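Heads up: the structure comes next, in C-alpha cells.
In this text, all values refer to a predicted model and were calculated from it rather than measured experimentally.
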Amino acid sequence: MDMERINDYCWKIPRHGNMRVDGVIYASKRMLNDIVNDESCQQVVNVACLPGIVKASLAMPDIHWGYGFPIGGVAAFDIEEGIISPGGVGYDINCGVRLLRTDLAASDIAPKVREIVNHLFREIPTGVGSHHKNFKLGKEDLRDVLKEGACWVVRRGYGDENDLAHIEAEGCIRGADPQAVSERAKERGKDQLGTLGSGNHFVEVQVVEEIYDDAAASVMGLFLGQLTVTVHTGSRGLGHQICDDHIEIMLAASRRYKIELPDKQLCCAPVTSPEGRKYFAAMAAGANFAFANRQMITHWVREVLEKTLHMGPAELGLSPVYDVCHNIAKFEEHMVGNASRKLCVHRKGATRAYPAKHPEVPAVYRDIGQPVLIPGDMGRYSFVLVGTEKAMEETFGSTCHGAGRLMSRHQAKKICRGRNIEQELLEKGIIVRGASRETVVEEVPEAYKDVADVVDAVAGAGISKKVAKLRPLGVIKG
DNA sequence: ATGTTC
C-alpha cells in the first residue's frame with residue numbers, strides 16, 4: 001500500500017482508483033508497520049470509495065479488520081449525497097465505556113477487592129447469552145427504553161439527573177423509533193438490560209495510578225490513588241439483531257440505489273432514503289438500549305459497593321465521570337473548508353473527542369474538553385483523555401477507542417495452553433472472575449496491543465490529550 | 001460483538 005508521511009503520527013493513502021477521498025491513518029511509525037500489512041488498510045481504501053464521503057476515510061492507531069469497515073475507523077458522509085451503513089457502526093451498536101469515580105482511596109478498601117468482585121459477578125449477568133431471570137421488560141417498558149435510553153432507567157429510580165448529565169448525548173439519541181426494531185431483536189433484548197456480555201466487555205475495579213493533567217483530572221473528580229470502576233459493554237443481542245436485520249435490508253437497498261460497492265459488507269443506503277432513515281431510527285434505539293444497560297449496571301455497582309463496604313451513598317461518592325460510545329453513527333455539524341456542514345459521522349471503534357467550549361460538552365467540562373475513556377487489556381491499564389480543537393479540525397472530533405487485538409482468539413488460546421491466566425494475573429495483583437476459562441484465556445493481555453502505544457499516538461497527533469492512567473485491581477469478564 | 005452456523 002502506497003503511504004505518504006504527513007507527520008510523525010499521521011499517514012496518507014493518496015486517492016487512487018475509485019477512491020473519492022484520501023485515506024488517513026493515525027499511528028506512530030512503529031505501529032504503522034503492522035497496520036500496512038493488515039487487511040484493515042484495504043478496508044480504509046474501500047470506505048473512501050463510498051458516495052458522499054467527506055474529507056477522508058480516517059483510521060485510528062487501534063485499527064484492525066472488521067465487518068466491511070475497519071474497527072478504529074471514522075467516516076463522515078454528506079447528509080444529501082452520502083450514505084449510512086450498518087457496517088460503519090458495527091454489530092455492537094453503542095458499545096461504549098463508562099467511568100465511575102468514588103471518594104475512596106483504593107488502599108483503604110484493598111482487602112475487600114475480592115469480595116467486591118465476587119458480588120459484582122453475582123449481581124451482573126456475564127457471558128454470551130447472559131440474561132436476568134427476574135428482571136424482564138414488558139413490551140411497553142422496552143419500547144420506552146428504546147426511545148429514552150438511560151433516562152428511562154433513572155425515571156425508574158436507578159440513578160439520578162447527575163448521572164444523565166455525565167453521558168454522551170445525556171444517554172438518549174433523539175430520533176430512535178422502536179417500530180423500526182424487529183420483534184426478534186426486542187425478544188432478544190427484553191431480559192438483557194443490565195447485563196455484561198462477553199469478549200472484551202468487563203466491569204473493572206481500578207486505582208488511579210498516574211495523572212498527566214492536574215487541572216483536568218481535578219475537574220473530573222479524579223485523584224492519585226483513587227478507587228474507580230469502569231463499565232465496558234454495549235447493546236447485547238438486541239443491537240446485534242438490529243445490525244443483522246438492517247444489513248439484509250441494506251444489501252437490497254444498495255442494489256436498488258445502484259451504489260457501487262468494493263465489498264458487499266459495505267452495503268448501505270442514502271442517508272435520506274427510507275432504508276437509511278429506518279436504519280438510523282433502529283440504530284438509535286439500539287444505542288439507547290446500551291446507554292440504559294450501562295446505567296442499570298451502574299446502579300448495581302453502587303449497591304454492591306455500598307453493601308460490601310458498609311457505606312452510604314454520601315460516603316462512597318460514586319458518580320459517573322463520563323460515558324462514551326465507540327460504535328455509532330450520528331448527525332453532527334462540522335466545518336469542512338470554510339463552511340459548516342451537517343454530516344452523518346460513523347465512528348466504529350472510535351470515540352467522540354470534542355474540545356473545550358463545544359456546546360455538546362457538559363457544562364462542567366466546558367473548560368477542559370470532553371472526557372474520552374480508553375479501556376486497555378485486563379492486565380495493564382486504561383486511560384482517560386480529553387478531546388481537542390485539533391480533533392475537531394482533523395477527525396470530525398474523534399479519537400481511538402482501545403488497545404486493539406494483536407492475536408485472534410484462536411491464537412490466544414494456543415499460546416495459553418498449560419497456563420493459568422487467572423493465577424498469573426493474581427500474581428500481578430489483579431483478581432479476575434470470568435464466566436468461563438475460555439473467555440479469560442481469549443482476553444489474555446498479550447493478545448492485545450499495548451494501549452499506551454495507541455494513546456501516545458493520538459496524543460502525539462494532538463487529537464487527544466492525556467489526563468490519567470488507571471490500573472486494574474479486580475475485574476469481571478464475560 | 002453475537003442464544004459465537006436462525
Side-chain angles (χ1 to χ4, degrees), chain A residues 40 43 62-73 85-98 124-133 135-137 142 181-203 231-249 251 265 282-283 285-287 289-291 293-294 297 324-329 346-351 375 377-378 401-413 434-443 447-448 476-478:
Chain A
S40 57
Q43 295 191 312
D62 48 338
I63 181 178
H64 54 283
W65 186 88
Y67 182 91
F69 293 59
I71 295 161
S85 173
V89 171
Y91 268 90
D92 192 3
I93 294 165
N94 189 4
C95 184
V97 184
R98 178 182 293 216
I124 303 164
T126 57
V128 171
S130 62
H131 58 276
H132 288 280
K133 288 196 176 70
F135 189 76
K136 283 184 190 170
L137 297 170
L142 181 58
V181 178
S182 69
E183 283 308 313
R184 192 170 173 191
K186 288 173 183 156
E187 188 63 29
R188 287 179 73 171
K190 68 177 189 212
D191 57 0
Q192 290 196 318
L193 187 67
T195 65
L196 193 56
S198 179
N200 63 357
H201 289 169
F202 62 76
V203 176
V231 179
H232 179 198
T233 185
S235 51
R236 308 294 331 282
L238 180 130
H240 191 275
Q241 190 62 48
I242 290 171
C243 185
D244 251 357
D245 293 340
H246 287 264
I247 280 173
E248 198 72 25
I249 295 168
L251 281 167
Q265 294 186 353
M283 183 222 60
F289 186 86
F291 280 134
N293 192 20
R294 293 193 287 274
I297 289 176
V324 283
C325 327
H326 53 226
N327 277 10
I328 199 157
H346 294 61
R347 295 191 184 90
K348 181 188 192 179
T351 313
D377 63 80
M378 60 184 170
H401 87 302
R405 263 197 179 276
L406 206 56
M407 289 175 203
S408 68
R409 290 172 179 188
H410 182 76
Q411 257 180 303
K413 268 183 238 179
S436 70
R437 181 194 178 267
E438 205 172 20
T439 37
V440 173
V441 160
E442 286 170 359
E443 291 292 309
Y448 283 88
I476 64 168
K477 297 282 287 183

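Using a distance-only test at 3.5 Å, with no hydrogens or angles considered, a donor-acceptor pair links the side chain of A:Asn293 to the main chain of A:Gly234. Between the side chain of A:Gln241 and the main chain of A:Ser182, no donor-acceptor pair closer than 3.5 Å is present.
In this structure, A:Glu187 places its CD atom 18 Å from P of B:dT2, rounding to the nearest Å. To the nearest angstrom, P of B:dT2 lies 12 Å from CD of A:Glu442. A:Tyr67 places its OH atom 16 Å from the C1' atom of B:dT4, with the value rounded to the nearest Å. If you take CD of A:Gln192 and C1' of B:dT4, they are 13 Å apart, rounded to a whole angstrom. Residue A:Leu196 contributes atom CG, which lies 9 Å from atom P of B:dT2 at whole-angstrom precision. One atom, CD of A:Gln241, and another, C1' of B:dT5, lie 14 Å apart when rounded to the nearest Å. Between A:Tyr91 atom OH and B:dT2 atom P there is a gap of 13 Å when expressed in whole angstrom units. Atom CG in A:Asp244 sits about 11 Å away from atom P in B:dT5, given to the nearest Å.
As judged by a 4.0 angstrom heavy-atom cut-off over every strand, A:His131 is placed among residues making no nucleic acid contact. Using a 4.0 Å heavy-atom criterion, one finds that A:Gly234 contacts no nucleic acid atom at all. Using a 4.0 Å heavy-atom distance criterion, A:Ser235 is classed as making no nucleic acid contact. Among the heavy atoms of the strands lying under 4.0 Å from A:Gly197 are primed sugar atoms or P, OP1, OP2 only; no base atom is included.
Projected onto DNA chain B by closest heavy-atom contact, A:Cys95 and A:Arg184 fall at different nucleotides, the more 5' of which corresponds to A:Cys95.
Of the residues listed (A:His201, A:His240, A:Arg236), the one engaging A:Asp92 in a side-chain hydrogen bond (donor to acceptor under 3.5 Å, both in side chains) is A:His201, and it is the only one.
Among B:dC6, B:dT2, B:dT4, the nucleotide with an atom closest to any side-chain atom of A:His240 is B:dT2.
Between A:His346 and A:Phe69, the two ring planes are parallel [angle under 30°; tilted spans 30° to 60°].
Between A:His401 and A:His232, the ring centre distance reaches or exceeds 6.0 Å.
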